[in-house]
Amino acid sequence: MTITQVHQFIPSFAPWDAIGNHSVKVRDLLVTMGLKSEIYVDNAHPEVAGMCHPFRSYKPSGKALLIYQMSTGSEIAGFFGRVSEPLALNYHNITPAESFDAWEPGVADEMSQGRRELAKLCTVAVHGIADSSFNEAELLSAGCPSSSVAPILFDPASFDREADKPTLDWLHHCKEKGAINLLFVGRVSPNKAQHDLILALAAYREMYGIPARLSIVGGAASGAYYLALRRLVTKLGLNDAVDMPGSVSAEELSAYYAGSDIFVCASEHEGFCVPLLEAMYHSLPIIAFESTAVPETLAGSGLLIRDKRPISFAAAIHQVATNPALGMALAKRGESRLRQFAPGKTRAIFQAAVEKAIAAS
Amino acid sequence: MSNAGGDQDAALAGGPGDELLDFEQISAEIEAEARRLRVSGSVPPGMERKLAESFNKLVPHVSRTSELRDAIREADRCSFLNVAVPLESDKPGVDKVKFALRKAMAWYMNYLAQQAQTMGRSSVRALRVLAERVESIETRVVDGDLASKVAADTGARVSIPALLTTAEIGAISPVLSAAQPSGRVLVLGDGSSVLLGHLAEASGWGDSYAVETDDDRLAAGAADSMDIWDDDPLEHLSRVGDGSLGGLVIVGLLERISPALRWEMLQLAASKLSNGALMALVGALPELWADRAGPVALDLVGYRPFAPETFGFLCGSLGMETERLLLPEGLNGIYALSGKLS
């Protein structure tokens, strides 16, 4: 079978989303490879609706390889059973349903559905492309016949945005008053365990008497969890110390990175974790809980902790906050690590993975 | 604490100040600092537990059981709406305002709560009827009804008591004292102050805690300033970070679950232990079980206890070195087995 077209299918396509951005970059790469390429979606944000088509409108040509950007359960998975063209999975991992059980049973069902679909799709896929070895191991254990590891495509230069001045001024103002600004960026979601960061902050302020602050930036994937975090903050008397602005503009996000001292991550499940790379770009030292794909993404460029109980996490923050040379060394390592994700390198790796998938079709 | 990605270290190293990045040493310093803070009295006692509880109280309680009857029981429990909103407040006088508001709104809240409860109870009743029909179908499809009845009859008689006596704890303590855990020790199945206190004093396992669901034991633990958390043992174990425990003591829990689940739980337990950590299992000897259960249960129930040798074999296949087997005489057939993760 001669493949002249490679089309992507995405459950949800949004402009600020890492997988959405990745898909656009993959499409551009496929076009430069001389292949016809379109993006098909289940639902799309209005801002990017013009860049994609509803998946039900797809008409098989008999010459196409289909790439499914998989990160959750979706009706699209069932659609592949009705199309005879070869399928490759670009797997970004599926959050374990247990994380959402108590908070959002509907989302938990979607995740469970996603896992079941993964098992089915792996038996028909010709190749799997995982954005980390951690994800690749899941693909293989689900029965995928062959696989490649290719990092998510992004352009580090896209992190270079002008910082929103009021936000940056405010963060600097907090620093001038003696505060240490801690930052986490990511969806407000139980698996990201932002509550552990709040508890660590409370312990840190109590233990060392330093008026540290925490910014939790990102939209809410679980409204119930978001409200619980807000109540926790109030309960611990941290209303002035924890900032949860939700989704922010690119300029505001840039300001948060630029005005913070340490990037902290307590997440219990990550398939890759792009915000770590953005923190590296902004030369922030990183302290992260050692879980899932986080050690692989950091690869020695951040301080990994195995114990994230409040006192232990606070002690790690204190170690980095009080040792500027250590913070700088971590930041330097981050900058070096980021160079390994230079667009030229990652595009070549992804192209090789696509070529393998085409060869297997 | 650790830093993975060692292969990458060399590629990333070399920048100014990079010699400071001895992650092993940094982690050791952080651990030492955390340990010092926990025992020095420079942080309020129980701070960590209180912080965790302050979040745990906000987590919606949803049973993860896959047993239909247990799920219905849980739904039934949750269908009660308590209109007596808590009144306590850190701010002076606010409790009185809350009390006045609660009293003023009682007629309204009670009316709504009564309707919601009626709906909840009716739904639970419908679920019960459904469960009975499903179970009836299951009984016809799989003839497992008899075995589960026998299991229910004998289960309570044959499992070891939920709490160990002082004599029993004293007898198994040589197994525990043989190891000095390098991290936190979790006790499952016996959330009593007696065992925790013994671990701290006689065995030198200072940084120990237990999880417990029994309100009386939780209250007794709090009164004795013991670190006992209100949580389900299995759920708690599944949430503990991989490789984070310095030791694990499991008392009797394994007696009460199926062989397949036992293997699953042992695998889970091993994944939570750090290298060199000790796991102690306290169980009942199968001979004792056979005496108590009688021949019917012996033949029909798949829940009989494992011999210590079997647990030794299973632990061995998880990469654990079984260190010592202790069979105290005259202690009602209780044994302790310890394995170390190598």
Side-chain angles (χ1 to χ4, degrees), chain A residues 98 101-103 105 190 195-196 198-200 202-203 206-207 224-225 227-229 231-232 235-237 268 289-291 294-316 318-320 323 325-337 340, chain B residues 1-23 26-27 29-38 42-44 47-64 90 183-184 235 238-246 274:
Chain A
E98 303 84 64
D101 266 346
W103 302 97
H195 62 274
D196 282 327
I198 294 170
L199 299 181
E206 172 78 34
M207 285 154 56
Y225 182 65
L227 289 176
L229 292 187
R231 287 179 64 192
L232 179 66
K235 206 169 170 183
L236 296 174
E268 284 162 5
F289 178 55
E290 185 180 335
S291 76
V294 170
E296 190 182 344
T297 302
L298 286 176
S301 63
L303 181 61
L304 286 172
I305 56 172
R306 276 193 185 154
D307 181 354
K308 61 169 176 168
R309 284 180 294 157
I311 290 178
S312 300
F313 208 136
H318 189 63
Q319 179 87 353
V320 175
N323 187 345
L326 171 62
M328 275 176 63
L330 284 170
K332 286 275 172 214
R333 282 260 185 128
E335 288 164 19
S336 303
R337 173 63 175 152
Q340 295 172 349
Chain B
M1 301 192 191
S2 76
N3 248 61
D7 294 348
Q8 304 276 355
D9 279 3
L12 297 180
D18 206 73
E19 65 281 0
L20 287 166
L21 286 183
D22 180 346
F23 285 118
I26 296 167
S27 297
E29 283 171 15
I30 292 169
E31 278 175 16
E33 166 77 346
R35 210 174 302 123
R36 183 189 69 75
L37 286 162
R38 285 194 183 97
S42 55
V43 294
M47 179 182 82
E48 218 157 27
R49 178 172 49 79
K50 283 176 195 156
L51 282 173
E53 278 174 3
S54 62
F55 176 70
N56 290 340
K57 281 180 185 163
L58 300 173
V59 180
H61 183 83
V62 176
S63 169
R64 288 185 184 150
D90 296 336
R184 202 145 161 79
E235 284 187 20
S238 67
R239 288 198 302 268
V240 168
D242 285 351
S244 65
L245 291 176
S274 57

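Below, chain A is the first sequence line, B the second, and so on; all start at residue 1.
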Looking only at heavy atoms and a cut-off of under 4.5 Å, which of B:S54, B:G241, B:A52 has the most pairs with chain A?
B:S54
Does the pair B:S274 and B:R184 meet the rule for a side chain to side chain donor-acceptor pair (under 3.5 Å), with working shown?
CA-CA 10 Å; B:S274 57; B:R184 202 145 161 79; over 6 Å; no
Would you mind telling me which of A:A224, A:P105, A:A315 has the largest number of heavy-atom pairs within less than 4.5 Å of chain B?
A:A315
With only heavy atoms counted, which part of B:S244 is less than 4.5 Å from chain A, the side chain, the backbone, both or neither?
side chain
Residues that A:R231 engages under side chain to side chain donor-acceptor pair (under 3.5 Å), provided they are two or more places apart:
none
Heavy-atom pair of closest approach, residues A:A203 and A:I311
CB-N, 4.3 Å
Check each atom of A:L236 against the heavy atoms of chain B and say whether the ones under 4.5 Å are side chain, backbone, both or neither.
side chain
Do you know the tightest heavy-atom contact between A:F289 and A:V294?
O-CG1, 3.8 Å
Using 30° and 60° as the class boundaries, would you call the ring planes of A:Y225 and A:H195 parallel, tilted or perpendicular?
perpendicular
Taking every heavy-atom pair that is under 4.5 Å apart, which of B:V43, B:L58, B:L37 has the most such pairs with chain A?
B:L58
